[in-house]
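What follows is a set of notes on a single structure, which appears directly below.
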Amino acid sequence: MEPNIEEVAGRIRALREDLDITMQEMADATGRSVAEYAAQESGKQDLSFTFLYKCAERLGVDVIELLTGENPHLSGYSLTRAADGLSIKRRAGFEYLHKAPHFKNKLAEPFLVTAPYLPEEQDKPIHLSYHVGQELDYIISGKMRFAYEDHVEELEAGDLLMYDSGRGHGMIATGGEPCVFLAVVMKPHGETII
């Protein structure tokens with residue numbers, strides 16, 4: 001199952017309007033200009049997970065509600081089989097498979113991520129993202145170049161990163177093949193990700 005960008009954007013707009021939140025407030029919450037925010041809320045521009053996460057936080061809902069229109073409902077445990085999960089496309093071909101979309105009041109968001117190998121990225125600076133909390137990335141297969149502010153690390157299968165995701169971080173696949181890794185995004189101080 002993969003969310004439709006226009007439907008997701010429509011849910012964001014409807015919630016914002018229902019809660020009487022201005023575009024300026026949402027732009028501030030997502031770290032964008034009003035014009036950039038408006039382009040994403042219109043559904044005409046791709047929605048990154050970081051953008052969706054920040055929207056959900058400001059709107060007081062679970063990010064899964066924005067993606068699917070449904071509230072997560074499982075509270076004891078959630079089992080997601082190997083090939084299952086909620087598919088989320090992110091930047092430049094990155095594929096995110098949310099592995100616990102139906103579990104409510106999550107302390108963390110688990111994703112199986114496939115980063116494509118793109119030859120044109122190999123000699124360019126790595127795009128950096130920022131989102132509050134911490135992230136744990138465990139490399140399952142392939143190789144990754146990880147940038148953290150002005151540090152660069154080369155990783156391979158079995159390596160694990162944990163970092164403050166509120167600081168600039170980014171990654172690309174290296175070695176001529178995709179890199180598959182488990183990414184667990186955590187909110188600070190054990191607060192529930194709503």
Side-chain angles (χ1 to χ4, degrees), residues 1-75 77-80 83-115 127-137 165-166 169-170 182-194:
M1 155 171 65
E2 186 175 324
N4 177 296
I5 291 173
E6 290 180 6
E7 289 176 8
V8 174
R11 283 191 277 278
I12 292 169
R13 183 180 56 257
L15 273 170
R16 178 183 63 75
E17 290 171 351
D18 285 350
L19 295 170
D20 201 27
I21 298 171
T22 67
M23 277 200 178
Q24 181 64 61
E25 290 174 289
M26 289 301 290
D28 292 344
T30 59
R32 287 158 172 71
S33 70
V34 173
E36 290 168 331
Y37 175 80
Q40 291 194 292
E41 187 186 88
S42 72
K44 299 199 180 351
Q45 196 175 82
D46 198 17
L47 307 174
S48 72
F49 181 75
T50 301
F51 173 79
L52 293 170
Y53 181 82
K54 289 177 179 180
C55 284
E57 188 173 61
R58 177 63 184 94
L59 297 168
V61 298
D62 191 296
V63 71
I64 300 305
E65 186 174 345
L66 293 181
L67 291 168
T68 66
E70 299 176 14
N71 264 323
H73 54 276
L74 299 176
S75 59
Y77 75 95
S78 172
L79 170 65
T80 305
D84 295 336
L86 178 64
S87 178
I88 302 169
K89 299 289 184 199
R90 201 172 165 199
R91 62 181 176 91
F94 271 59
E95 295 179 17
Y96 285 68
L97 192 60
H98 196 297
K99 297 303 285 183
H102 304 295
F103 193 78
K104 67 180 180 179
N105 299 323
K106 292 179 279 298
L107 299 177
E109 301 281 354
F111 299 93
L112 182 63
V113 183
T114 302
H127 171 76
L128 301 181
S129 296
Y130 307 80
H131 53 86
V132 67
Q134 296 178 345
E135 186 167 331
L136 178 146
D137 296 337
S165 54
H169 64 280
L182 176 68
V184 181
V185 178
M186 297 164 277
K187 185 139 179 144
H189 311 296
E191 296 174 25
T192 302
I193 296 175
I194 54 176

Take the angle between the ring planes of H98 and F111 and call it parallel below 30°, perpendicular above 60°, tilted in between. perpendicular

Are side-chain heavy atoms of T22 and V34 found at a separation under 4.5 Å? no

Is there a donor-acceptor pair under 3.5 Å between the side chain of K99 and the backbone N or O of D84? yes

Between I64 and F103, is there a side-chain heavy-atom distance shorter than 4.5 Å? no

If every non-hydrogen atom of D137 is compared with every non-hydrogen atom of A183, which pair is closest and at what distance? OD1-CB, 3.3 Å

So, K106 and D62, do they make that salt bridge, N to O below 4.0 Å? yes

Minimum heavy-atom distance between T80 and P101, given as atom pair plus value: OG1-CD, 4.3 Å

Between H169 (side chain) and S129 (backbone), is there a donor-acceptor pair under 3.5 Å? yes

Value rounded to 0.5 Å, distance of NZ in K44 from CD in E6: 6.0 Å

Taking every non-hydrogen atom, the tightest pair across P110 and A100: CG-CB, 3.8 Å

Compare every heavy atom of L67 with every heavy atom of L52, then report the nearest pair and how far apart it is. CD1-CD2, 3.5 Å

About how many Å separate CD of E17 and CD1 of I12, when rounded to the nearest 0.5 Å? 12.0 Å

Please find the pair of heavy atoms, one from Y130 and one from G166, that lie closest to each other, and give the distance. CD2-O, 3.5 Å

How close do C55 and Y37 get, heavy atom to heavy atom, and via which atoms? SG-CE1, 4.2 Å

Interatomic distance, K104 atom NZ to H73 atom NE2 [nearest 0.5 angstrom]: 9.5 Å

Please report the interatomic distance NE2(H131) to CD(E57), rounded to the nearest 0.5 Å. 11.5 Å

Straight-line distance of Y96 OH to L112 CG, nearest 0.5 Å: 11.0 Å

side-chain contact (heavy atoms from CB on, under 4.5 Å) with L59: which of R11, M26, E65? M26

Does D20 have more than 12 heavy atoms from other residues, nucleotides or ligands lying within 6.0 Å of its CG? no

Decide side-chain contact (heavy atoms from CB on, under 4.5 Å) for R16 and M23; before the verdict, give the C-alpha distance in whole Å, the side-chain angles of both, and the deciding distance to 0.1 Å. CA-CA 8 Å; R16 178 183 63 75; M23 277 200 178; 3.7 Å; yes

Donor-acceptor pair, S165 side chain versus G133 backbone, under 3.5 Å? yes

To the nearest 0.5 Å, how far apart are CG in L97 and OG1 in T114? 8.5 Å

Any side-chain heavy atom of T30 sitting closer than 4.5 Å to one from R58? no

